[in-house]
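Encoded as structure tokens, the structure appears first; notes follow it.
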Protein chains: 2
Amino acid sequence: MSKPTIQDVARAAGVHPGTASRALNPGLTGRTTPETTRRVREAATRLGYVPDQSGRNLRTRRSHTIGVLIPDLGNPVFPPIVRGIEDGLRDAGYEALIANTDDSPEREDQLIRVLTARNCDGFIIASSRRDDPAVAALLDSKMPVVLVNRLMDTVTASVASDDATGMRAAVNHLVGLGHRTIAHVTGPNTLSMTQVRRAAFEEAVAAAGLAADPGLIETAARYAVDEGHHAFSRLLDRRAPTAVIAGNDMIAIGCYTVLRGRGLRCPEDVSVVGFNDMPLSGFLDPALTTVAIPQNDIGTAAAQLILEMIADGRSLHRLLPVSLVVRGSTGPPPVR
Amino acid sequence: MSKPTIQDVARAAGVHPGTASRALNPGLTGRTTPETTRRVREAATRLGYVPDQSGRNLRTRRSHTIGVLIPDLGNPVFPPIVRGIEDGLRDAGYEALIANTDDSPEREDQLIRVLTARNCDGFIIASSRRDDPAVAALLDSKMPVVLVNRLMDTVTASVASDDATGMRAAVNHLVGLGHRTIAHVTGPNTLSMTQVRRAAFEEAVAAAGLAADPGLIETAARYAVDEGHHAFSRLLDRRAPTAVIAGNDMIAIGCYTVLRGRGLRCPEDVSVVGFNDMPLSGFLDPALTTVAIPQNDIGTAAAQLILEMIADGRSLHRLLPVSLVVRGSTGPPPVR
DNA sequence: ATGAAAGCGCTAACAG
DNA sequence: CTGTTAGCGCTTTCAT
């Protein structure tokens, strides 16, 4: 004997399937007699009835499923965020469909289609570029969308860390240690996150009374170790900073490898500050000083936000607080 | 304009929806004229047609969804495996529903129920303990299940790395360097993985003609940095090994922190070997010598296997090759 | 090889 | 409040 359908339940309860459906749907209580409701529910539990999701999805065009787009689960920043999302959604009876875009616009576009075909009720997207036609089209289609950490002008709902404040704290930390020549290795310019962190860097440097020097800023093609390595290497070929703030922890590791390759010590010769405080950053040698973003909270906030959008259409921007974690990679500048 | 349906494609191609369906379904090539197939496919791509899964699921009585249970996405070993699973499944039109058990039996049991209610067509489980009633019940129910890296006696389908061979390579590497006192910090005994690695360690040590010394083996309560730290600390309190093989890379990091805390250098005083070669292990200082398991391949193999089980009921055990990656954390033992 | 038609399980709109 | 009916998009059987 296979799984019971709502027809079976209706027959057992002596009512019409439509009535059984109403009795079983929590949102429609009051549309059936208490007595009927009771009888149907009793029959359902007795038969071990579990509503078939496929039928329900097809009819309601709802799947209780959220598409989650991230650049790459292999980047250690994302797993904690994804966990936050998953747990937040599941507590509300939703599931996450997770997909990696590898920062490829084509792949992102294709994945949006695949997930749309699954009738996702909404999307949480952490992979968007500032100019992103696929996401823009999704927003146009009135699909609920929450952007995470990478924002776009047109979006109405987002969750991000307060990177500007974090960057200021990082710069002030270095200035307080006595640094006067501070470099910044940014991520790719296509991302809003890069812009925010870079603008805050320039602002904080100016506020500290240091000379603005474009030569102290270099762009890594991706938020990855090797690209960070190349970018910082180019920077060191033309300048001699006593400290560098990396666009994120992966780039910071790239800075480490450059210093090691050139026989420079960290923090004695050059201090390094990262961004994100991803897992294991504290176990690097030296332990990385970095701006910690609340990765798990970002995930749960994104989950909560998308659910609110689906329920009431409410949408807002949330900025979550960060904190500077001072470890062993920063110290006073060398005496010249 | 909303999403195109197969009706739209059929109309555009001038054929009946049924024919369009046949032309689009890869399994049914030969049931339509090459010309028809071409025309339908052309119309489909032109319209950007993506089959609606709810309709398909309802009709085929399949959800094209696989439940994936892992201990914790926060452990850097798992993201690459999960990526392999996701990509492997998606290429075949399946999606993964990922859930973290945090190694809690209760949570695992509950998650299995949640995912079963979603009509998953099968499960890929990387969180099973040797004695695991929830997974055992799932196996009993004839649900297709593939176990990953952690095996059980009763399972018929599994994917794992060839840990025994890897462990032998690690031991031989150390013996070749001249080490005669080699320690092993294992993971928890509840996992088959731990057993396999430990048994292979003892075997390889014996095969090298070294004395078996139970005092050189210590168990970490979890595959985590802090537990690895505590376990290795206990071990060093009673023995003075010149090398240690950690149950995995997280435990290896715990060994690093113990050595650092005691003023011992790696590899000059004590060599350390890890297991898994998780991301960033190569960027630790010293770069970790470790047994690399093909994380991505494990994921894709698991995806392939579960799809085969669903399709033909075929099931088998796969053991994937590993390789020792020699980096900077191993060297000759100190001269006494 | 293709067209026609039925139906998977469910719920929303409409009557009564 | 409940029965009736229709149909979501797709695949598959049955004709032709």
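Per chain, numbering begins at 1; letters A, B, ... match sequence-line order.
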task: May I ask you to say what A/T5 touches in the nucleic acid, namely base, sugar-phosphate or nothing, with a heavy-atom cut-off under 4.0 Å?
output: sugar-phosphate
message: Which residues in residues 45-52 of chain B have a heavy atom closer than 4.0 Å to any atom of DNA chain C?
response: none
- request: Look at all strands and tell whether B/T36 reaches a base, only sugar-phosphate, or nothing, counting heavy atoms closer than 4.0 Å.
  value: sugar-phosphate
query: With no hydrogens and no angle check, is any side-chain donor or acceptor of A/D52 less than 3.5 Å from a backbone partner on A/S54?
result: yes
task: Kindly say whether A/E35 contributes a backbone atom to a donor-acceptor pair with the side chain of A/T33 at under 3.5 angstrom?
output: no
message: Less than 4.0 angstrom from a charged side-chain N to a carboxylate O is my criterion; do A/E42 and A/R38 meet it?
response: no
field: Test salt bridge (Lys or Arg N to Asp or Glu O under 4.0 Å) applied to B/R41 - qualifying residues, sequence neighbours left out
entry: none
query: What are the bounds, 5' to 3', of the part of DNA chain C that sits under 4.0 Å from heavy atoms of chain B?
result: C/dA1 to C/dG9
- request: Report the residues that fulfil salt bridge (Lys or Arg N to Asp or Glu O under 4.0 Å) with A/D87, sequence neighbours left out, ordered by chain and then residue number.
  value: A/R83, B/R107
message: Please check: side-chain N/O of A/T116 versus main-chain N/O of A/I112, any donor-acceptor pairing under 3.5 Å?
response: yes
query: For B/E106, what residues pass the salt bridge (Lys or Arg N to Asp or Glu O under 4.0 Å) criterion, not counting sequence neighbours?
result: none
message: Within the structure provided, determine whether A/I70 and A/N100 are in side-chain contact (heavy-atom separation under 4.5 Å).
response: yes
- line: The answer to which of B/R59 and B/R22 contacts DNA chain C further toward the 5' end, by nearest nucleotide, is B/R22
message: Under a 4.0 Å threshold between the charged nitrogen and the carboxylate oxygen, would A/R150 count as salt-bridged to A/D103?
response: yes
Outermost nucleotides of DNA chain D that come under 4.0 Å of a non-hydrogen atom of chain B: D/dG9 to D/dT13
message: For a quick check of understanding: with a heavy-atom distance under 4.0 Å over all strands, which category does A/R61 fall into, base, sugar-phosphate or nothing?
response: sugar-phosphate
query: Is the closest side-chain donor-acceptor distance between B/D121 and B/S63 under 3.5 Å?
result: yes
